[in-house]
Amino acid sequence: MKVAFVDRPDGIVRVTDVPEPPLPGPYDCRVRMVYGTVCAGTDTHILHDRLPWRMEYPLVLGHESVGRVVSVGPKVRFLKVGDLISRVGAAPDPEKSWILGWGGFAEWGFARDWRAMEADGVEKSAWDAFRIHQVIPPDIPEKAGPLFITLRETLSYSNRLGIGAATRLLVIGTGGNALAFVAHARHAGASAIVVVGAAAREGVFREAGATHYVDYRTENLVDQLSASFPEGFDRLIDSVGKAEALDGFLPLIASGGVIGVYGLDEWDNLTLHPARARGSFTLYNDSYDEPETHDEICQRLRAGVYKPDWWLGEGCPVRPLAEIAGAFDAIARREVIKPLIDLAAT
């Protein structure tokens, strides 16, 4: 099967053939991969070995992919042939000649029927990580499938951060995650949704729900925001994670406010000087539970709360897997937010 392969962390991804691994166990389904999107954060960091944790190479890349079940194992009963499954990827290589960088950019993958395992009393450690394998209902467009990963993660994070009605929110960054945070906040009824980011993306962020938008290159940026929002912000989400950037925004946090650092760029070197803040604040240091928001994302996509075009571009254009290197180049040039990869068109 063809896969997006990273031999070493040198910034290069290539498409090559590897043997399709067998299904890992009786609760697993063989999946024909359909679509995936490139994550400008995690996938790019993997290419350069810049994640806060260590990765091993070579690996098969991709974690924002969906596929359809084509066959099921003997103990599978909550998944069926034809189901579109979220967050699937290649099965692990039994020879261990390569590992999974989640393995979503592949022709073939597998899904685990974790519900059957739970019902049968299998130890939780064997299935808990596979709760991400959820059925996407047939009335949801296939092309929207890969967005479930971003939307589920960020909605869970937003809920746990306490973003709700009347929240004054400041978002740093204009990538796919930041866009999701803005859309969630609008739906939650936030009173102010202020984005600091690249000027070129103001239009799509305004459409998604930003009430104010500021070019990150603006002189005296913090002073201007302080004058416009003298009461400060209840919540701040840094979707980039540069080492010293967040520290500069501390004077904007209202006393009792909460800060969430979602970006990974320089996670290990983040710097904060609490004396810069107006008063006490909380640094949210927990994560999210992606599967817990699956049903809610389904409902919101049906209701038009999110438009896939915001992330994927007008009309959701696709590239074949063979052109995935060009997708990374397009991200680097900031031409797209999340390029859509047709995994069936290799």
Give me the ring orientation class for W127 and W114: parallel if the planes are under 30° apart, tilted from 30 to 60°, perpendicular past 60°. parallel
Cluster link F148 to V69, ILVMFWY, side chain under 4.5 Å: no
Is it true that a side-chain atom of T293 and a backbone atom of L155 form a donor plus acceptor pair closer than 3.5 Å? no
Is there a side-chain contact between I341 and V318, using heavy atoms and a 4.5 Å cut-off? no
Run I331 and V38 through side chain to side chain contact (heavy atoms under 4.5 Å, CB included) and show every step you take. CA-CA 9 Å; I331 286 176; V38 176; 3.4 Å; yes
Show, in sequence, the C-alpha distance, side-chain angles and deciding distance for E335 and D329, and conclude whether the side chain to side chain contact (heavy atoms under 4.5 Å, CB included) test is met. CA-CA 9 Å; E335 295 173 356; D329 291 341; over 6 Å; no
Do any N or O atoms from the side chain of S65 and from the backbone of G104 form a donor-acceptor pair under 3.5 angstrom? yes
side-chain contact (heavy atoms from CB on, under 4.5 Å) filter on T211, not counting sequence neighbours, yields A192, I193
Regarding R54 and E56, does a basic nitrogen lie under 4.0 Å from an acidic carboxylate oxygen? yes
Any D28 side-chain heavy atom under 4.5 Å of V76 side chain: no
Roughly how far, to the nearest 0.5 Å, is CG of L47 from CD1 of I12? 9.5 Å
I'd like to know if the side chain of E20 and the backbone of M1 have a donor-acceptor N/O pair within less than 3.5 Å. no
Shared hydrophobic cluster, L169 / L236 (ILVMFWY, side-chain heavy atoms < 4.5 Å): no
Only one of R160, R131, R152 passes salt bridge (Lys or Arg N to Asp or Glu O under 4.0 Å) with E290, and that residue is R152
Decide yes or no on side-chain hydrogen bond (donor to acceptor under 3.5 Å, both in side chains) for R50 and T44, but give the supporting numbers first. CA-CA 8 Å; R50 293 174 182 165; T44 299; over 6 Å; no
Measuring from atom CD1 of I259 to atom CG of D234, what distance do you get when rounded to the nearest 0.5 angstrom? 12.0 Å
For P21 and P94, which heavy atoms make the closest approach, and how far apart are they? CB-CD, 4.0 Å
Check the hydrophobic clustering (I, L, V, M, F, W, Y; side-chain heavy atoms under 4.5 Å; chains of links allowed) and say if L84 and I140 are grouped together. yes
With rounding to the nearest 0.5 angstrom, report the CG to CE distance, L61 to M55. 8.5 Å
Quick check: are there more than 12 heavy atoms from other residues, nucleotides or ligands sitting under 6.0 Å from CD of Q299? yes
ring-ring contact (aromatic ring centres under 6.0 Å, His included) filter on W311, not counting sequence neighbours, yields none
Can you tell me if H133 uses its side chain to pair, donor with acceptor, with the backbone of R87 under 3.5 Å? yes
Side-chain H-bond candidate by donor/acceptor type, T271 with E244, under 3.5 Å: no
Nearest heavy-atom neighbours spanning I136 and V66: CD1-CG1, 3.8 Å
Results of ring-ring contact (aromatic ring centres under 6.0 Å, His included) for F181 - residues two or more places apart only: Y157, Y262
Looking only at heavy atoms, which two atoms of L252 and L225 are closest? And how far apart? CD1-CD1, 3.8 Å
When every non-hydrogen atom of V15 is compared with those of A322, the smallest separation belongs to CG2-CA, 4.0 Å
Any ring-ring contact (aromatic ring centres under 6.0 Å, His included) pairs touching residues 15-42, not counting sequence neighbours? none
Members sharing V240's hydrophobic cluster, built from side-chain contacts under 4.5 Å between Ile, Leu, Val, Met, Phe, Trp and Tyr, are none
Please determine if R68 and D83 form a salt bridge, counting it only when a charged side-chain N lies under 4.0 Å from a carboxylate O. no
Does H187 form a ring pair (Phe, Tyr, Trp, His ring centres under 6.0 Å) with Y306? I'd like the steps, not just the answer. CA-CA 10 Å; H187 189 72; Y306 314 116; 7.3 Å; no
Do D113 side-chain atoms and R77 backbone N/O form a donor-acceptor pair below 3.5 Å? yes
Given the rule in the side-chain hydrogen bond (donor to acceptor under 3.5 Å, both in side chains) test, do S86 and Q134 qualify, once you have shown the distances and angles that lead to the verdict? CA-CA 5 Å; S86 65; Q134 301 268 349; over 6 Å; no
Main chain of G279, side chain of S255: is a donor-acceptor contact present, judged purely on distance under 3.5 Å? no
Within the 4.5 Å heavy-atom criterion, are D238 and F249 side-chain neighbours or not? no
Non-hydrogen side-chain atoms of V182 and R186 separated by less than 4.5 Å: no
Salt bridge flag under 4.0 Å for residues D10 and R8: yes
List the residues meeting ring-ring contact (aromatic ring centres under 6.0 Å, His included) with F281, not counting sequence neighbours, and say none if there are none. none
Calculate, to the nearest 0.5 Å, the distance between atoms CZ and CG belonging to R201 and L179 respectively. 9.0 Å
Just by distance, do the side chain of N177 and the backbone of S239 share a donor-acceptor pair under 3.5 Å? no
For E231, does the CD atom sit with more than 12 other heavy atoms under 6.0 Å from it, leaving out its own atoms? yes
Minimum heavy-atom distance between R112 and P24, given as atom pair plus value: NH2-CB, 3.5 Å
Go through the steps to decide whether H212 and S228 satisfy the test side-chain hydrogen bond (donor to acceptor under 3.5 Å, both in side chains), and finish with yes or no. CA-CA 10 Å; H212 301 75; S228 299; over 6 Å; no
Take E123 and S125, measure what side-chain hydrogen bond (donor to acceptor under 3.5 Å, both in side chains) needs, and give me the verdict at the end. CA-CA 6 Å; E123 187 176 348; S125 60; 3.3 Å; yes
Are any of the side-chain heavy atoms of Y57 and D7 separated by less than 4.5 Å? no
For the pair D93 (side chain) and S97 (backbone), establish whether a donor and an acceptor sit closer than 3.5 Å, ignoring hydrogens and angles. yes
Check whether any side-chain N or O of Y288 sits under 3.5 Å from a backbone N or O of P291 as a donor-acceptor pair, and report yes or no. no
D342/R319 salt bridge by N-O under 4.0 Å criterion: no
Would I237 and I172 count as a side chain to side chain contact (heavy atoms under 4.5 Å, CB included) if you check the C-alpha gap in whole Å, the side-chain angles of each, and the deciding distance to 0.1 Å? CA-CA 6 Å; I237 299 177; I172 302 172; over 6 Å; no
Hydrophobic cluster membership, with links at side-chain heavy-atom distances under 4.5 Å among I/L/V/M/F/W/Y: are I132 and L147 in one? no
Nearest 0.5 Å, what's the CG-CZ distance between D17 and F5? 11.5 Å
Backbone N/O of V135 and side chain of H294: donor-acceptor pair under 3.5 Å: yes
Here the pair of heavy atoms bringing T150 nearest to A180 is CG2-CB, 4.0 Å
Rounded to the nearest 0.5 Å, what's the gap from CG on L23 to OG on S71? Could you check? 6.0 Å
